[in-house]
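Heads up, the thing below is written out as C-alpha cells.
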Amino acid sequence: MDFRKSLTGLLGAFVWIALGCGGIYVFVEAVTGETGVRIPYFLVLAPVAVVVGLVKLVKNLLRSLTMRIDERGILIHHSADRVKVELGWQYVAAVSVTQLPTPKDPRSTADYLVVWTHGGFNPGVPPEWAFQNDGWTGYRLIALGALRESAEQVTQALQHYAAPVLR
C-alpha cells in the first residue's frame, strides 16, 4: 500500500501567500487612495508574508515523501527528515504504530511508525530517532502526521503485510 504526503504544508504556504497579498493590496490602496486613511504599520510586513509563503511552498514541493508497505517490507524516502529506509520483513523483529515523545521536543508526542530490527541495526534514520524499550532498540521511521492517510490505515496495512511481527 502506498502512502502520500500530507497537504498541511501546502495549505499553510497558501495561507501565508494569501495573507501577504491581501496586506499588500490594502497597503497599496491606502497609499494611492484619496481616502486619507491612516496606514497600519504592520502592513509593511505583508511582502515578508508573501516571501515566507513562497519559501514554504518551494520547500514543500521540492521535499518528496514516498512510503510503501507491501509484501516485501517497508520503503520510506522522506527528504525533509533525511530518512531513507528500505527494510525487508526478514530484518524486522517487530513493528508498531506507537505514540512517542518527539525527538526535537520531548514534552510533545506524536504517532510514529516504529520498527525493532534484528540485531538492533539502524535502518536509515537519524541516530536521535532511536529509543530503548524493554532492552530493545526501536527506531522511529516516520511521524504519521506527515501522511495524508490516518494511523488506522497504516495499522491496517501492517496487519495485512506484517501480521507476524506486528505489536
Side-chain angles (χ1 to χ4, degrees), residues 1-70 73-87 95-115 122-131 138-161:
M1 179 173 189
D2 291 335
F3 297 90
R4 296 163 292 164
K5 183 166 53 169
S6 172
L7 295 176
T8 307
L10 281 175
L11 294 175
F14 288 128
V15 167
W16 276 100
I17 292 169
L19 288 174
C21 290
I24 290 171
Y25 174 77
V26 170
F27 181 77
V28 169
E29 279 295 315
V31 169
T32 60
E34 297 177 9
T35 59
V37 176
R38 219 176 131 181
I39 302 170
Y41 290 113
F42 68 88
L43 290 179
V44 175
L45 297 176
V48 174
V50 172
V51 171
V52 167
L54 290 173
V55 167
K56 285 180 164 288
L57 180 65
V58 169
K59 281 176 64 175
N60 199 297
L61 291 175
L62 292 179
R63 293 187 173 184
S64 64
L65 168 63
T66 302
M67 180 171 150
R68 176 177 294 140
I69 297 173
D70 60 17
I74 300 172
L75 169 75
I76 300 173
H77 291 275
H78 192 203
S79 59
D81 288 337
R82 294 178 188 83
V83 171
K84 184 176 183 181
V85 175
E86 296 173 3
L87 191 60
V95 63
S96 69
V97 172
T98 308
Q99 189 173 55
L100 295 169
T102 60
K104 293 181 182 176
D105 183 13
R107 294 174 291 173
S108 64
T109 61
D111 288 332
Y112 286 92
L113 176 60
V114 176
V115 295
N122 186 332
V125 297
E128 61 270 9
W129 286 27
F131 65 96
Y139 296 95
R140 297 168 178 91
L141 295 184
I142 190 166
L144 298 183
L147 302 174
R148 283 188 206 175
E149 292 78 13
S150 67
E152 290 78 26
Q153 289 172 302
V154 174
T155 303
Q156 287 174 353
L158 291 173
Q159 288 170 343
H160 185 264
Y161 295 111

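V95 is listed as a side-chain neighbour of I74, based on a closest heavy-atom distance under 4.5 Å. At least one side-chain heavy atom of F131 sits under 4.5 Å from a side-chain heavy atom of V114. Contact check for L54 versus V58: no side-chain heavy atoms found under the 4.5 Å cut-off. Residues Y139 and V85 fail the side-chain proximity criterion, which asks for heavy atoms closer than 4.5 Å. Side-chain contact between I69 and L158 is present, with at least one heavy-atom pair separated by less than 4.5 Å. Put simply, the side chain of H78 does not reach to within 4.5 Å of the side chain of M67, judged on heavy atoms.
The main-chain N or O of R63 is never found under 3.5 Å from a side-chain atom of N60 such that the two would form a donor-acceptor pair. Checked by atom type and distance alone, the side chain of R140 pairs as donor or acceptor with a backbone atom of P101 at under 3.5 Å.
Taking NE2 of H160 as the reference point, atom CE of M1 lies at 10.5 Å (rounded to 0.5 Å). In this structure, the separation between CG on L144 and OG on S6 is 11.5 Å, given to the nearest 0.5 Å. From T8, atom OG1 reaches atom CZ of R148 across 10.0 Å, with rounding to the nearest 0.5 Å. For the atom pair CG of L19 and CD1 of I24, the computed distance is 11.0 Å after rounding to the nearest 0.5 Å. Note: L141 CG to I76 CD1 = 4.5 Å, rounded to the nearest 0.5 Å. L100 CG to W129 CH2: the interatomic distance, rounded to the nearest 0.5 Å, is 11.5 Å.
For the residue pair C21 and V50, the shortest heavy atom distance occurs at N-CG2, 3.6 Å. The two residues V83 and P126 make their nearest non-hydrogen contact at CG2-CD, 3.9 Å. Of all the heavy atoms in G20 and A49, the pair that sits closest is CA-CB, 3.8 Å. Here the shortest heavy-atom pairing between A46 and G23 reads CB-C, 3.6 Å. P123 and L87 get closest at one heavy-atom pair: CB-CD2, 4.0 Å. Summarising the geometry of K5 relative to L65, their closest heavy-atom pair is CA-CD2, 3.5 Å, with the distance given to 0.1 Å.
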Please walk me through it: do E86 and H77 pass side-chain contact (heavy atoms from CB on, under 4.5 Å)?
CA-CA 8 Å; E86 296 173 3; H77 291 275; 3.2 Å; yes

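Residue-environment remark: NZ (K56) stays at or below the threshold of 12 foreign heavy atoms within 6.0 Å.
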